[in-house]
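Everything numeric in this text was worked out from a predicted model, so none of it was measured.
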Amino acid sequence: SATPPAPLPYEASILRPCRTDAPKPEVQLFGLDERDNAEHFLNRVLNGRKNISIRSTPEAAKDVVGLMAGLLLERRDQNILAAGFVNSPEDANCLARIIRGHIGDENVLVVTGTMVGHDRLRQREHAVFQRFVSGRSTGEPFQVIIGTSAIQSGIDGSADMAVIELDEIGAILQKIGRVSRRGEQD
């Protein structure tokens, strides 16, 4: 039998749905070629560095939102866009109240799946939202976008750093993907 090709750096398997009377599922590999790797934007996205630190909270700590606020506010002297990812709309609003007390209303935006109608339209016009979807970082003050899973997979945006509440691994990876999404930061 022939030797299988060497795996490509970025690979995904696509399986056809399996029927009991069907032959073994066919696997098709997807990869990048030299032209893809030469594409500047794609190269920046795929090779954008992300520094990840995992911090455990003290067992006695009941205020995870307060701890997250402290971690976000540690960077308030930098002109960056930070993201706070929490697991409930209530925690998102609580985190926003804490952060707003330090940097003002105009520099904080909450995005949750519970927002509808006028609130949803207003959030898309907000300066923090515009910065998140554009990926621009220069010349802006410290700003924070706070949200739930509505940001992790529902909006194509990018922040300079994030603080993420513990969640299942797939959701954490989605949220990590919102940091330097386009390879903007080193």
Side-chain angles (χ1 to χ4, degrees), residues 45 48-186:
V45 170
R49 293 189 339 223
K50 298 177 194 306
N51 296 317
I52 300 170
S53 75
I54 299 172
R55 301 182 189 197
S56 60
T57 56
E59 270 188 52
K62 301 272 190 249
D63 185 16
V64 174
V65 171
L67 291 170
M68 291 178 70
L71 291 170
L72 288 164
L73 289 168
E74 283 177 4
R75 305 285 293 274
R76 71 175 167 240
D77 61 335
Q78 300 173 15
N79 294 342
I80 63 168
L81 175 61
F85 294 106
V86 294
N87 297 333
S88 73
E90 296 80 20
D91 285 349
N93 289 318
C94 181
L95 182 56
R97 276 193 302 277
I98 296 168
I99 301 290
R100 284 180 176 131
H102 293 272
I103 65 170
D105 287 346
E106 70 279 358
N107 292 315
V108 179
L109 176 65
V110 175
V111 178
T112 68
T114 60
M115 297 178 158
V116 294
H118 183 66
D119 288 338
R120 172 118 19 224
L121 290 174
R122 274 191 328 174
Q123 75 183 185
R124 293 191 179 278
E125 295 169 357
H126 198 284
V128 175
F129 186 87
Q130 292 298 314
R131 183 177 180 185
F132 183 66
V133 296
S134 74
R136 73 180 188 277
S137 292
T138 56
E140 303 287 340
F142 176 74
Q143 294 175 319
V144 180
I145 187 164
I146 298 166
T148 58
S149 59
I151 299 178
Q152 94 187 25
S153 57
I155 300 170
D156 182 17
S158 184
D160 300 306
M161 65 89 65
V163 175
I164 303 168
E165 184 178 3
L166 185 61
D167 204 341
E168 62 94 24
I169 190 65
I172 289 174
L173 292 174
Q174 280 280 345
K175 293 168 186 173
I176 289 171
R178 296 297 175 250
V179 177
S180 189
R181 182 165 178 79
R182 298 173 190 93
E184 304 92 347
Q185 297 294 318
D186 289 332

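Nearest heavy atoms, E140 versus N79: O-CB, 2.9 Å. The minimum heavy-atom distance between A162 and F85, with the atom names listed, is CB-CE1, 3.8 Å. Taking all atoms of both residues into account, the shortest heavy-atom contact from R131 to D160 is NH2-OD2, 4.1 Å. Heavy-atom minimum distance, A159 versus A82: CB-C, 4.3 Å. What you find for A150 and G113 is that their closest heavy atoms are CB-N, 3.5 Å.
The structure places CG of N87 at 4.5 Å from CG of D167, a figure rounded to the nearest 0.5 Å.
Side-chain atoms of Q143 do not come within 3.5 Å of backbone N or O of V128 as any donor-acceptor pair.
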Under 3.5 Å, side-chain donor or acceptor atoms of residues 90-103 against the rest of the protein: list the pairs with distances, not counting sequence neighbours.
unit_1, atom_1, unit_2, atom_2, d
E90, OE1, S88, OG, 3.4
N93, ND2, P89, O, 3.2

Return all side-chain donor-acceptor pairs below 3.5 angstrom for residues 66-78, not counting sequence neighbours, or 'none' if the list is empty.
unit_1, atom_1, unit_2, atom_2, d
R75, NE, Q78, OE1, 3.0
R75, NH2, Q78, OE1, 3.1

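Taking 4.5 Å as the limit, some side-chain heavy atom of F142 sits within range of a side-chain heavy atom of I80.
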